[in-house]
Structures are given as C-alpha cells and as structure tokens.
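Let me begin by presenting the structure, written as structure tokens, before commenting on it.
Chain letters run A, B, ... following the sequence lines, proteins first and then strands; every chain starts at 1. The structure displayed is predicted, hence computed values, not measured ones.
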2 protein chains.
Amino acid sequence: MAPASPTFSPLYRQIKSLMMQALESAEWRPGQAIPSEQELAARFGVSQGTVRKAIDEMAAENLLVRKQGKGTFVASHNDPRALFRFLRLVPEDGDLSHPVSLPLECWRAKAGQEASRVLAIEPGEPIIIVRRLLKFSSKPVVVDEIYLPGEIFQGLSLEVLQSWSGSLYSLFEARFGLRMIRAEERIRAVAADRATADILKVKEGVPLLSVERVTYTYGDRPVEWRRGLYSTAEHYYLNELN
Amino acid sequence: MAPASPTFSPLYRQIKSLMMQALESAEWRPGQAIPSEQELAARFGVSQGTVRKAIDEMAAENLLVRKQGKGTFVASHNDPRALFRFLRLVPEDGDLSHPVSLPLECWRAKAGQEASRVLAIEPGEPIIIVRRLLKFSSKPVVVDEIYLPGEIFQGLSLEVLQSWSGSLYSLFEARFGLRMIRAEERIRAVAADRATADILKVKEGVPLLSVERVTYTYGDRPVEWRRGLYSTAEHYYLNELN
DNA sequence: CAGTGGTCTAGACCACGTA
DNA sequence: ACGTGGTCTAGACCACTGG
C-alpha cells in the first residue's frame, strides 16, 4: 500500500511560506502595503479565501497588520503599537510617558564561548557590545548590555546610536534591514554590583531583576543577546498569561 | 438619515458569546466534548463556517481544544498540556520532572483593603489564605501565599489540599467548578526575609523574584490573588515574547 | 465504515477609508 | 464611486479517529 504522507502541508501554508520569502527577501518592506488579497490570489493561483488564511496566520504572528479599507501592511517597529511589544517594564504609578534610551558605550570585541553559542556564530567572530541606560521620567531604571553580531551590524557606533531618536529596534530595522520578530527572556533576581548600583542610583546589593533576552529575526535566526538589570523599586515587570 | 451603527458585531461573535454562556452556565463542562460544528450550526441557524470562526477564536483563547477526527473539547486544567500554562519557572539544567506542591497552612480571614480591591469584594468579607511550598526535584524553590474569596471556596481546607495530587487549578476546577482562564503577573526583585529564607534554604537577604498574580475566570472576574517568592539560584522565569 | 474537524472554492454582500 | 479587508453562505473534498 502507499505510505501515509508524513508531511501533509495544506495549500495555505505553502502560500504562507511563499509570502514569508517575500518578507525575508525584502520584496515587501516594513511599513509598506503588500498586494491586495485579490492580487495575491491571482498571483498564486488560489482562491482569495486561501490567501486570507495565510495572511490570518501571519497577522497573528505580528508579521503583518491588516487595516480594513486600506490594505495589509508589513509590521514595523516604527509603528507606535509595536513599541511596547518587547519592553514589559511598567511604572508603579500609571505614568504613560515614554522611556528614554541613553547609549553609554559601544565597542567591538570577539565572540567568547557564551556569545558565540547564543548568537550561533563562531567563537572569535567580531561582535559589537552596546551599553545603554533606560530612563523613565528622567529616573534611571534599566542598564542594558547588548551583544550583536558584527557581521550584520557593520557601521554601528555610539554616534549612530545617539543620533537616533526612536527605539533600538526601529534603528536596526531602518539601518540594517533587520526585523526582530520574537524573543525569549530569562529572568532572575540578583544583587546590584557596585558599578550598576551607581548608575541606577541605588545602594550596592539591592535586589534587581536580571533579564536576559535572545531576539530572533526571520527563520528563527538569533541576532541579539542582551542582559538588562532592572530596578524594581518604582516599576514592575508585567506579564500577561493567556 | 439612519445613524451609523456604533456597535457592529458580526454574527460569529454573537455565536461566540452564546457559546461562552454555555461554558459559564456549565452546560459544557471541562474535559467534555461540545456538540459538533454541524449540530451547532443547526442549533444557531447559521452556516458551519460561521460556527467555525467562533470556535477558532475560542480555541485561540485556550477556552476550547480542537481534536481532528474526535471533536472539540472544553479546555481543562487536568489536561497535561495545560499544566505549565501558568508556571513559567524552569530549572537551569533541563530537568523535566514535575514540581511538587506542598501545602503548608490554610486559614480563614477577613479581606483587608488590598485583598478586597484586587479580588473585587467588600472589605471584611471572608477570604481564605493558603501558604504552600513548591519543590523541584525535592528542592524548595517557591513559597506561595494565595488569597481566595471565601464565598467561592467554601470547604477548602489543608486536608483537602494535601489529599489532592494534581495541580491547584485542577482542584479548583474539579471541586469548585472554577476555571482559570487568564492571569496577570507583576514581577519584582526583593530580598529574602528571615522566614522565607529558612523555608527556601537560602541566606537571609538573598535576592528573590516576587511574583504577584491575579487570576481571572469567565467574564474577567478575579478569583485568585497570590504572591510567590521564587529562588532563582538554579531556576529562571522564562517568558516568550511574540 | 461513519463521523469529526480541516481545507478549498466561488460568489454575494457589508464596513471602512480615500478621493 | 471605488478598492480594500471582513463576513457569510453552500457545497465539495481531504485527513484523522474509532468502532
């Protein structure tokens, strides 16, 4: 008898993967509209409903944004709705003012054991390390140390960082064509060391949140590794469990 | 001219809300199969596709679980897949053994300011407080203090807790007909007090994760407030950002 | 085999945004 | 008025499960 197909893939998933290619190859760029459902149906030779289901899934994954009456757009970190997608820290009082990013340092180095493992590059390959401070209402709350593959982020410097007014990820998107689509955070409680305590204006030894984040772009490629130390005296990390 | 309808609600959402009623009224119980899509379509007088879309949304919200060839089931906390839906703590080494819950105390009290606010009950109304320890591979890792509305949890006692082998929420579901469907966690870093340090076998003052959780049942009714203190020496809190 | 959910189609009509 | 996404229908066929 014929062997059961072990890898049945419905049409709409094949369409989806074609559309993913259009994203990865930058045929469709962040912020831009993609072709209408009718056009895509014609282009792929399927019905509108099938294209629709592919788009539905991609919208659910925050890759596309549908706007009734206007069209379907490639998600962008410039979109105000995406700004807080990765920052879960919230002020105790309901202060809504945007946090401000202050780049402190930016230097080059070679990947050590841990960085190479996390970023899936060879040990010794160039990386870029950024240190920056995050302020809420002028108060220092987060110190981040960010590790980036040098290969991808050529030309990144403290000047570039300081002259950019938007979020880090919108800079990465605009300047390096890199869209962050998913991240994992590992959270622990640690005691503030001397240097960090000074920057965050807390006492040495105060408990801080240690937030390690690995961020992925298309194809689950890790492209950022960062460790943040969060002062939780007047802020907390908010997580919604569904 | 006719006023524009300010509250347009598509058919499938109306169907969805009818199905939500069937859940809340316990017409359909956790673990049981709901009627087939065909039957529901007939019952509500709509096409199968419309029922389908309602079910799709509810499945996305973890209220229902579809099983091809078998039917659609009401989600249950007894389902092994649901066990880790609310516990995000993970051992540093990939140890997969289930954590064990050890109830320590259970007593009655009257709701204070904070408890009444969070649980949306009147100050002075009866509440039940549970303290319990969570062990991973026989090591104490989490101390929880859990506040429950006495109204709902009548008959809850230390004996009941100790004689239950499953998760807390599966107990709540089986014994009190309460299904937890959503939660918010507020996370901070704090120093271990003496009592907690003793229980978790760490030194006083060690940084711990403070995890405050409010859990909601159908209709966004808060029915649990708990505060956990997590030792993150050999474990971390894992959060996936999409 | 019958029954369930899963996919795909084609067509009609509605709501929204823009011009 | 037109084009977009959003809803709804009816029907055909496929994949999976269990008797």
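Using a 4.5 Å heavy-atom cutoff, the side chains of B:Met180 and B:Val223 are in contact.
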Just the atom pairs and distances: protein N or O near nucleotides 7-10 of chain D's N or O, under 3.5 Å.
residue : atom : partner : partner atom : Å
D:dT7   : OP1  : B:Tyr12 : OH           : 3.0
D:dT7   : OP2  : B:Lys53 : NZ           : 2.7
D:dC8   : OP1  : B:Leu11 : N            : 2.2
D:dC8   : OP2  : B:Leu11 : N            : 3.3
D:dC8   : OP2  : B:Tyr12 : N            : 3.0
D:dT9   : OP2  : B:Ser47 : N            : 3.0
D:dT9   : OP2  : B:Ser47 : OG           : 2.8
D:dT9   : OP2  : B:Thr50 : OG1          : 2.3

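At a threshold of 4.0 Å, the pair B:Glu92-A:Arg188 counts as salt-bridged, since one of the basic side-chain nitrogens sits closer than that to a carboxylate oxygen. Using a 4.0 Å cut-off between a side-chain N of Lys or Arg and a carboxylate O of Asp or Glu, B:Glu27 and B:Arg43 qualify as a salt bridge.
Atom pair B:Glu39:CD and C:dT4:P shows a separation of 6 Å (rounding to whole Å applied). Following rounding to the nearest Å, A:Leu40 (CG) and D:dG3 (P) show an atom-to-atom distance of 17 Å. In this structure, CG of B:Asp56 is placed 10 Å from C1' of C:dG6, rounded to the nearest angstrom. Atom CD1 in B:Ile34 sits roughly 12 Å away from atom P in C:dT4 (whole-Å rounding). For the pair A:Glu37 CD and D:dG6 C1', the computed distance is 8 Å after rounding to whole Å.
Taking the six-membered ring where the residue is Trp, B:Trp225 and B:Tyr147 present tilted rings, their angle falling between 30° and 60°. Between B:Phe172 and B:Phe176, the ring planes lie perpendicular to each other; the angle is over 60°, past the 30° to 60° tilted range. Aromatic ring orientation, A:His77 versus A:Phe86: tilted (interplanar angle from 30° to 60°).
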Would you mind writing out the side-chain donor-acceptor pairs for residues 50-57 of chain A within the sub-3.5 Å range, not counting sequence neighbours?
residue : atom : partner : partner atom : Å
A:Thr50 : OG1  : A:Ser47 : OG           : 3.4
A:Arg52 : NH1  : A:Glu37 : OE1          : 3.0
A:Arg52 : NH1  : A:Glu37 : OE2          : 2.6
A:Asp56 : OD1  : A:Arg66 : NH1          : 2.5
A:Glu57 : OE1  : A:Arg13 : NH1          : 3.0
A:Glu57 : OE1  : A:Lys16 : NZ           : 2.8
A:Glu57 : OE2  : A:Arg13 : NH2          : 3.4

CA sep, side-chain torsions, deciding dist, call: B:Glu212, B:Arg227, salt bridge (Lys or Arg N to Asp or Glu O under 4.0 Å)
CA-CA 4 Å; B:Glu212 260 184 73; B:Arg227 187 195 189 204; 5.1 Å; no
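Contacts of residues 65-77 of chain B with DNA chain D (heavy atom under 4.0 Å): B:Gln68, B:Gly69, B:Lys70.
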